[in-house]
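Naming convention: chains lettered A, B, ... in sequence-line order (proteins, then strands); numbering from 1 in each chain.
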Amino acid sequence: MKHEFRMAERPGTAKTEKEEPEVVEGGSKQDDHQHDTLKYSLLGPSLTKAGQDSVDQSKVSEIIYNASKGSKFFNREEVKDKILTQKIEQILEKKRRLEKLDLTRELRAADQLITQLEVSRDLTQYIVHVDCDAFYAAVEQLDRPELKDVPFAVGGGVLTTCNYLARKFGCRSGMAGFVAKKLCPNLLLLPLNFDKYTSKAQEVRQVLAQYDPRFESASIDEAYLNITEYCAEHNMTPEDTVQQMRNVIHEKTKITVSAGIAANSKLAKICSNMNKPNGQYVLPNDRNAIMNFMRDLPTRKVNGIGRVLERELQEIGIKTCGDIYPQRQLLVRARTYFFDCGTTSFLS
DNA sequence: ATACATACC
DNA sequence: TACTGGTATGTAT
C-alpha cells in the first residue's frame with residue numbers, strides 16, 4: 001500500500017515541547033505540524049511513483065530532512081510550506097463561513113454539472129497509456145547488463161531516474177544526488193546519454209504505430225493510443241491486444257513497458273501505474289467499475305494533483321476522489337482557493 | 001501583460 | 001559541498 005506515511009502519525013510532539021517549554025501562543029504543536037508537512041513535502045513530487053511500496057517513508061523523510069537542512073533548497077521549501085499553511089488557514093476559515101449558509105442552490109448546481117457529465121460519458125473507446133519502466137536506467141542497462149544487480153541512477157546533481165533496486169532504498173527521480181547517496185551509499189551515478197534514449201524511444205514508437213498510427217507521445221517514454229479500431233479489426237480484447245503489444249515491444253527493443261487500459265486517457269494514465277513495472281491494468285468500460293475504482297483512489301494519483309493540491313484537499317477532509325461528492329456544494333464554484341468566491345457573489 | 005506558482009517528465 | 005531544465009497551465013496583480 002502506498003501512502004503509508006501520514007503526517008499526523010509521526011511521533012515527536014512531546015520531544016519538541018520538552019525542548020521548547022517557553023513557547024508562547026501555543027506555538028510548539030503548530031511548529032511540529034509545520035515540520036511534519038515540510039518533511040512530507042521534502043519527499044518530493046514523485047512520491048507516489050512505483051517501487052516505493054515496501055519503503056518506510058518516515059525514515060526516508062528523516063534522512064532527506066537531515067541531509068538537506070540549511071541548504072538553499074531547504075530554506076526555499078520551508079518558506080513555501082509556511083505560505084501554504086497560511087493559505088490553508090484561509091481556506092478553512094472560508095469553509096466554516098460557507099457551511100453556515102444555505103447552499104441548496106450550490107448543491108443543485110453541482111448535481112446539474114454531474115448530470116451533464118453523465119450524459120456526455122463515452123464508454124465506447126479503448127484508450128491505452130503506455131509508460132516505459134525506469135526508461136533511462138533500462139536503456140543504460142542494455143549496454144551494461146552487469147548493472148542488473150547494483151542500485152544505480154541516471155543524472156547529475158539530480159536523479160532523472162533510478163532502477164528498482166535503488167528505489168528500495170527510497171531513491172527517486174527528482175532527488176538530489178547527494179541525498180540519494182545518503183539513502184543508498186552504494187548508489188552508482190551514471191551520466192545522461194540523451195541521444196541513446198531518443199533513439200530507443202523511436203524504436204518503441206515504431207511498435208506503437210502498428211496498433212494506432214495516430215498515437216500521441218506525451219513525453220520521451222510515454223504515449224497514448226486508441227486501440228478501439230485495432231481490437232475490432234483483429235477481433236481481440238483490449239487486454240490481449242495490449243499484452244501482445246508489450247510482448248512485441250520487449251522482443252524488438254528489450255525494454256519493458258507498463259500500460260493502463262480504460263475508457264479515456266485520464267483513467268488510462270492512472271491505470272498504467274497500477275502494475276508497474278512490466279505490468280498492465282484494465283479498468284473495464286463500465287460505469288460501476290469506474291465509480292468503484294475512483295471512490296477509494298487517493299487524489300494524488302490523479303494527473304495534475306501534486307504536493308500542494310493534495311495537502312489543500314486533505315486539510316478540508318478530502319483524501320480520496322470519493323470524498324469529493326459529499327462536499328460538492330462547497331466545491332462547485334471553486335477556483336484556486338476552493339471557497340474563494342465571495343459570499344456576495346454566492347448570494348446574488 | 002506580466003510574474004509567479006504548480007505540476008509534469 | 002551539493003537540489004535539473006524544459007514545457008504547459010492556471011492564478012495573481
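Legend: ring-ring contact (aromatic ring centres under 6.0 Å, His included) pairs involving residues 146-184 of chain A, not counting sequence neighbours: none detected. The list of side-chain hydrogen bond (donor to acceptor under 3.5 Å, both in side chains) pairs with a residue in residues 252-261 of chain A, not counting sequence neighbours, reads A/D133-A/T256, A/D133-A/S258. Residue pairs satisfying the side-chain hydrogen bond (donor to acceptor under 3.5 Å, both in side chains) criterion with at least one member in residues 180-191 of chain A, sequence neighbours excluded, are absent. Listed by first and then second residue, the ring-ring contact (aromatic ring centres under 6.0 Å, His included) pairs that reach into residues 196-218 of chain A are A/Y136-A/Y197, A/Y211-A/Y230, sequence neighbours excluded.
Every residue two or more places apart in sequence or in another chain was checked for a side chain to side chain donor-acceptor pair (under 3.5 Å) with A/S46, and none qualifies. In this view, A/F74 and A/Y65 satisfy the ring pair (Phe, Tyr, Trp, His ring centres under 6.0 Å) rule, not counting sequence neighbours.
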With the criterion being N/O to N/O and under 3.5 Å, what pairs connect the protein with nucleotides 3-9 of chain C, and how long is each?
unit_1	atom_1	unit_2	atom_2	d
C/dC3	N4	A/S68	OG	2.9

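When hydrophobic side chains of Ile, Leu, Val, Met, Phe, Trp and Tyr are connected at separations under 4.5 Å, A/V79 ends up clustered with A/I83.
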| request: Using a 4.0 Å cut-off on protein heavy atoms (strictly under), produce a 5'-to-3' string for nucleotides 3-9 of chain B with B for base contact, S for backbone-only sugar-phosphate contact, and - for none. | output: ---SSSS
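Of the P atoms belonging to C/dA2 and B/dA7, the separation is 27 Å, rounded to the nearest Å.
Using a 4.0 Å cut-off between a side-chain N of Lys or Arg and a carboxylate O of Asp or Glu, A/R328 and A/D111 qualify as a salt bridge.
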